[in-house]
Chemist: 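Got a structure for you, written out below as structure tokens; questions coming shortly.
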Amino acid sequence: MNDGTRQARLLPWVGAEGKPCYLLTDGRGPLSRLADVIEITQLDMAEDLLDHAAALLTDARATPEQLRFLLARMREALTDVHRIAESRSARRE
């Protein structure tokens, strides 16, 4: 999606009612830079969560509550990573 000179970037956060947010940009503005920082942070957090999951899944003492909490956080992280992948894919087109 673009307006002829600028591309619509899917931002790494959602707006009201969980709807996607887009920015018409040339990719160099302050909001684009903020989105880049947030994407990096989200990807780093997902990586940390994967490390935590590996440790928790090998712990025979892990409780069902701990595993449900982990699963909820992993769903959030996967949602973020999926949005980042969609955004980056669209920007390559």
Chemist: Taking salt bridge (charged side-chain N to carboxylate O under 4.0 Å, His left out) as the test, write out the residues that go with R68, two or more places apart.
Modeler: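 Checked R68 against salt bridge (charged side-chain N to carboxylate O under 4.0 Å, His left out); matches are E65.
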Chemist: Salt bridge (charged side-chain N to carboxylate O under 4.0 Å, His left out) with R33: which residues, sequence neighbours excluded?
Modeler: none
Chemist: Each residue besides V14 in its hydrophobic cluster should be listed here, by chain and number; the cluster joins Ile, Leu, Val, Met, Phe, Trp and Tyr at side-chain heavy-atom distances under 4.5 Å.
Modeler: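 V14 shares its hydrophobic cluster with no other residue.
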Chemist: Using modelled atom types only, decide if a donor and an acceptor are shared between the side chain of S87 and the backbone of R83 within a distance under 3.5 Å.
Modeler: no
Chemist: Check side chain to side chain contact (heavy atoms under 4.5 Å, CB included) between A46 and all other residues, then give those that pass, not counting sequence neighbours.
Modeler: A77, V81
Chemist: Examine L49 and L67 and state if one hydrophobic cluster contains both, with Ile, Leu, Val, Met, Phe, Trp and Tyr joined whenever side-chain heavy atoms are less than 4.5 Å apart.
Modeler: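 Same hydrophobic cluster.
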Chemist: What heavy-atom pair brings W13 and A35 nearest, and what distance separates the two atoms?
Modeler: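 Shortest heavy-atom separation between W13 and A35 comes out as CZ3-CA, 4.0 Å.
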Chemist: Could you check V37, D44, L43, I38 and say which one makes a side-chain contact (heavy atoms from CB on, under 4.5 Å) with I40?
Modeler: D44
Chemist: Can you list everything that forms a salt bridge (charged side-chain N to carboxylate O under 4.0 Å, His left out) with E76? Sequence neighbours excluded, please.
Modeler: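 R73.
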Chemist: According to salt bridge (charged side-chain N to carboxylate O under 4.0 Å, His left out), does anything in residues 45-55 pair up with another residue at least two apart or in another chain? List the pairs.
Modeler: none
Chemist: Check whether any side-chain heavy atom of M74 lies under 4.5 Å from a side-chain heavy atom of L78, and answer yes or no.
Modeler: no
Chemist: Applying side chain to side chain donor-acceptor pair (under 3.5 Å), can you list everything that pairs with E39, at least two apart in sequence or on another chain?
Modeler: R9, R88, R91
Chemist: Please name the pair of heavy atoms, one in L10 and one in E86, separated by the smallest distance, quoted to 0.1 Å.
Modeler: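 That would be CD2-CB, 3.9 Å.
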Chemist: Kindly write out the residues that satisfy side chain to side chain contact (heavy atoms under 4.5 Å, CB included) with Q66, not counting sequence neighbours, or none if the list is empty.
Modeler: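 Expected list: L56, A62, T63.
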Chemist: Under the side chain to side chain contact (heavy atoms under 4.5 Å, CB included) rule, collect the residues that match up with M45, sequence neighbours excluded.
Modeler: T41
Chemist: So, taking the atom named CD1 in I84 and the one named CD in Q42, what distance separates them when rounded to the nearest 0.5 Å?
Modeler: 4.5 Å
Chemist: My understanding is that only residues two or more places apart in sequence, or in another chain, count here; which of them pass side chain to side chain contact (heavy atoms under 4.5 Å, CB included) with L23?
Modeler: L11, T25, L31, S32
Chemist: Could you work out, with salt bridge (charged side-chain N to carboxylate O under 4.0 Å, His left out) as the rule, every residue matching R92, not counting sequence neighbours?
Modeler: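 Partners of R92 under the salt bridge (charged side-chain N to carboxylate O under 4.0 Å, His left out) test: none.
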